[in-house]
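Just the heavy atoms: all of them, side chains too, but no hydrogens, waters or symmetry mates, feed the values below. Since the model is a prediction, treat every value here as computed from it, not as a measurement.
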Amino acid sequence: MKSSIDEKLQGYRLSLSNALGYVPLKKPLATFSYDRPKLLKGQSLLEKVLELQSTKDDTYGAQKDATDAINQEWATLKTLFNEHRQLARLAFKDQRGVLTQLKLDTRLKTAFSGWITQATAFYGKIGQHSEGMARYGVNTEVLHGAQSRLEALLGLYSQQSQRKAEAQHITEQRNKALKDLDHWMRDFYRIAKVALQDEPQLLEMLGYVVPAQA
């Protein structure tokens, strides 16, 4: 999809560049109302699309970077959380109320939304039972550190969601601008075919490959 759009835009760029800069094209096109001001209108539409395309690429790149950062930090925290869950189950195996409070009586979720809910509940309340964890070598400082990293992960997730929304918005803007440009270029090519029907070599300057006569 992206490749085909890029190829289309490069074709439009070539057509407009030659229409504006190649002297033999100017008079026949102007005869059919495609003078310099009108061609510059098409050029302006093209530049708008190119700018939005570049912004879209940058925004999707930022979204991917945010996603990679989330996945990397999440992988580390999953290992840490699994360890703390196992130790907590040992520490509070005879305290069903605590197990429920810490969400240790349910299976560990694998999807991010479920996992983050369980981890947030665990680290938000484990401080009330730190003495039990301390018996297994997990002190308050370690638990606070894990909770801080979890909060940072939530911040990364929020950033990634923002980047995703921005990327979708920019794509919508790009698509609208591209639709306007496509409409303008279709009209331009139709007129160019008429204006240059007796000069196929000039038509080729606009990107048309005219079949050779037998």
* To do: Could you tell me how the ring of F81 sits relative to the ring of Y123: parallel (under 30°), tilted (30 to 60°) or perpendicular (over 60°)?
  =>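 Because their plane-to-plane angle lies in the 30° to 60° range, the rings of F81 and Y123 count as tilted.
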* To do: Could you tell me whether the side chains of Q160 and T67 share a donor-acceptor contact shorter than 3.5 Å?
  => yes
* Taking atom types as modelled, is there a side-chain donor on Q128 or Q101 under 3.5 Å from an acceptor on the other? -> yes
* Carefully, step by step, assess S15 and Y189 under the rule side-chain hydrogen bond (donor to acceptor under 3.5 Å, both in side chains). => CA-CA 9 Å; S15 297; Y189 286 139; 2.8 Å; yes
* Taking the six-membered ring for Trp, are the ring centroids of W115 and Y157 within less than 6.0 Å of each other? ->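 No, the ring of W115 stays outside the 6.0 Å limit from the ring of Y157, centre to centre.
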So, the side chain of [X] versus the backbone of [Y]: is there a donor-acceptor pair under 3.5 Å, distance only?
| X | Y | value |
| --- | --- | --- |
| R174 | V49 | no |
| T117 | S113 | yes |
| N18 | L206 | no |
| Q118 | K109 | yes |

* **Atom pair CD (Q53) and CG (L46), whose distance is rounded to the nearest 0.5 Å** => 11.0 Å
* What is the distance from atom NE2 of H169 to atom OG1 of T55, rounded to the nearest 0.5 Å? ->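 Rounded to the nearest 0.5 Å, the NE2-OG1 separation comes out at 11.0 Å.
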* **K48 atom NZ: more than 12 heavy-atom contacts under 6.0 Å** =>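 Open.
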* **Atom CZ of R96: over 12 foreign heavy atoms under 6.0 Å** =>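 At most 12 heavy atoms, drawn from other residues, nucleotides or ligands, come within 6.0 Å of this atom.
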Any link between [X] and [Y] through a network of hydrophobic side chains (Ile, Leu, Val, Met, Phe, Trp, Tyr) touching at under 4.5 Å?
| X | Y | answer |
| --- | --- | --- |
| L178 | L14 | no |
| L50 | L52 | no |
| I170 | L45 | no |

* To do: Indicate yes or no: does K8 engage D182 in a salt bridge with an N to O separation below 4.0 Å.
  => yes
* To do: List the steps, then state whether side-chain hydrogen bond (donor to acceptor under 3.5 Å, both in side chains) holds for Q95 with H129.
  => CA-CA 11 Å; Q95 301 178 52; H129 311 285; 5.5 Å; no
* Trace of the salt bridge (charged side-chain N to carboxylate O under 4.0 Å, His left out) decision for K38 with D35 -> CA-CA 5 Å; K38 190 164 185 177; D35 55 8; over 6 Å; no
* Asked: For R13 and Q10, what are the C-alpha separation, side-chain angles and deciding distance, and is it a side-chain hydrogen bond (donor to acceptor under 3.5 Å, both in side chains)?
  -> CA-CA 5 Å; R13 189 205 296 267; Q10 290 307 313; 3.2 Å; yes
